[in-house]
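A quick note: this is a predicted structure, and the numbers were derived from the prediction, not measured. We're numbering straight along the sequence, starting at 1.
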Amino acid sequence: MACLPSSWKEKVVDLVYWRDIKKSGAVFGASLFLLLSLSVFSIVSVLAYIALALLSVSISFRIYRGVLQAIQKSDEGHPFRSILESNLAVPEDLVQKYCNVALNHVNCTVKELRRLFLVEDLVDSLKFAVLMWVFTYIGALFNGLTLLILALISLFSIPVIYERHQTQVDHYLALINKNVKSTSDLILSKVPGLKRKAE
């Protein structure tokens, strides 16, 4: 299956592991601010406020540069000329590439959901049912935006915590995995008809 290019993966890993604190802080802060804004205001209001803020900055800069040019009697032209003359068109091959990646993910997801809903493997379908049951409780406690905020905070904190305390975390994860596997094997051995298909 196609994935993100390795350069993008490295950039994402560098952001998440806070390799460059300024970049990671800017991305984390801007994303968190956007999600918190969306939890208070509608998406239309948030987009309008962001557009107004950008327009305020660009109009103020344009007026400032115009006044500065008039005082200095220089003819530098439009301050954003290089950006206005640059090509901002999205290349078709890039769109095609990411559409193919998205299509592969959609096809894999549909295939897996078909397998789970049509009970190809009873154990996997039961696990999926338990997961959906847990999600009903999570959905009753949190809305989607709150979950996105928690996911963003986790994305920028858990990898760093894991990197610093990897030995202890791996030890406890191994214990948990061992207990879950033994419990699962015990249940599978006791309940008739739940034996997993041979791999």
Side-chain angles (χ1 to χ4, degrees), residues 1-113 138-139 142-166:
M1 187 184 331
C3 299
L4 285 173
S6 60
S7 63
W8 278 94
K9 286 181 185 177
E10 291 168 7
K11 289 178 183 176
V12 170
V13 167
D14 288 346
L15 275 177
V16 168
Y17 281 94
W18 295 79
R19 305 280 191 245
D20 183 349
I21 293 177
K22 288 180 183 176
K23 281 184 185 176
S24 295
V27 170
F28 176 68
S31 303
L32 189 60
F33 179 75
L34 178 65
L35 290 174
L36 290 173
S37 299
L38 287 172
S39 68
V40 177
F41 303 107
S42 71
I43 190 166
V44 174
S45 297
V46 171
L47 292 176
Y49 284 130
I50 290 171
L52 282 172
L54 291 174
L55 277 171
S56 299
V57 170
S58 60
I59 289 171
S60 300
F61 184 71
R62 171 79 196 272
I63 291 171
Y64 167 74
R65 290 300 298 247
V67 169
L68 199 62
Q69 287 173 16
I71 291 172
Q72 295 176 346
K73 296 186 173 145
S74 64
D75 190 23
E76 294 177 14
H78 198 289
F80 298 118
R81 181 175 310 283
S82 61
I83 299 172
L84 287 170
E85 292 174 352
S86 65
N87 183 14
L88 295 179
V90 179
E92 279 186 46
D93 58 338
L94 189 67
V95 173
Q96 187 68 36
K97 175 183 171 185
Y98 286 109
C99 284
N100 287 338
V101 170
L103 185 62
N104 284 338
H105 287 297
V106 168
N107 286 337
C108 286
T109 303
V110 167
K111 186 178 177 184
E112 184 65 20
L113 288 174
I138 292 172
F142 307 106
N143 65 22
L145 209 47
T146 305
L147 290 175
L148 280 175
I149 291 169
L150 291 173
L152 178 72
I153 293 169
S154 299
L155 180 68
F156 277 87
S157 59
I158 290 175
V160 175
I161 293 169
Y162 178 73
E163 188 177 50
R164 290 186 182 156
H165 305 287
Q166 186 173 1

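Atom OH of Tyr162 sits in a crowded spot, with more than 12 heavy atoms from other residues, nucleotides or ligands closer than 6.0 Å. Within a 6.0 Å radius of CZ in Phe61, more than 12 heavy atoms belonging to other residues, nucleotides or ligands are found. Within 6.0 Å of atom CD in Glu92, 12 or fewer heavy atoms from other residues, nucleotides or ligands are found, so the atom counts as exposed in its surroundings. For Ile43, the CD1 atom sits in a loose shell: 12 or fewer heavy atoms of surrounding residues, nucleotides or ligands are nearer than 6.0 Å. Annotation: Tyr49, atom OH; neighbour count of heavy atoms from other residues, nucleotides and ligands within 6.0 Å does not exceed 12.
Here the CZ atom belonging to Arg65 is positioned 8.5 Å from the CD atom belonging to Gln72, to the nearest 0.5 angstrom. Rounding to the nearest 0.5 angstrom, the gap separating the CD1 atom in Ile71 from the NZ atom in Lys73 is 10.5 Å. Rounding to the nearest 0.5 angstrom, the gap separating the CD1 atom in Ile161 from the OG atom in Ser154 is 9.0 Å.
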> Can you list the steps and then say if Lys111 with Asn107 is a side-chain contact (heavy atoms from CB on, under 4.5 Å)?
Replying inline: CA-CA 6 Å; Lys111 186 178 177 184; Asn107 286 337; over 6 Å; no
> Which is it for Gln96 and Asn100 under the side-chain contact (heavy atoms from CB on, under 4.5 Å) test, yes or no, and what are the steps along the way?
Replying inline: CA-CA 6 Å; Gln96 187 68 36; Asn100 287 338; 3.5 Å; yes
> Can you list the steps and then say if Asp14 with Asp20 is a side-chain contact (heavy atoms from CB on, under 4.5 Å)?
Replying inline: CA-CA 7 Å; Asp14 288 346; Asp20 183 349; over 6 Å; no
>> Working note: Leu34 + Ile50, criterion side-chain contact (heavy atoms from CB on, under 4.5 Å); need CA distance, chi angles, decisive distance, verdict.
In response: CA-CA 9 Å; Leu34 178 65; Ile50 290 171; 3.9 Å; yes
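Judged by distance alone, the side chain of Ser45 and the main-chain N or O of Phe41 form no donor-acceptor pair under 3.5 Å. With hydrogens and angles ignored, the 3.5 Å screen pairs no side-chain donor or acceptor of Ser24 with any backbone N or O of Ile21. Under the 3.5 Å distance criterion, the side-chain polar atoms of Thr146 are left unmatched by any main-chain donor or acceptor of Phe142.
Each of Leu155, Ile149, Leu152 was evaluated against Ser31; a single residue qualifies, Leu152, per the side-chain contact (heavy atoms from CB on, under 4.5 Å) test. With Ile153 as reference, Leu32 is the one residue of Leu148, Ile158, Leu32 to meet the side-chain contact (heavy atoms from CB on, under 4.5 Å) rule.
A donor-acceptor pair shorter than 3.5 Å can be found between the side chains of Arg62 and His78.
Between Phe156 and Trp18, the angle of the ring planes goes over 60°, which puts this pair in the perpendicular group of the 30/60° scheme.
Nearest approach of Leu36 to Ser39, heavy atoms of both residues: O-OG, 2.6 Å.
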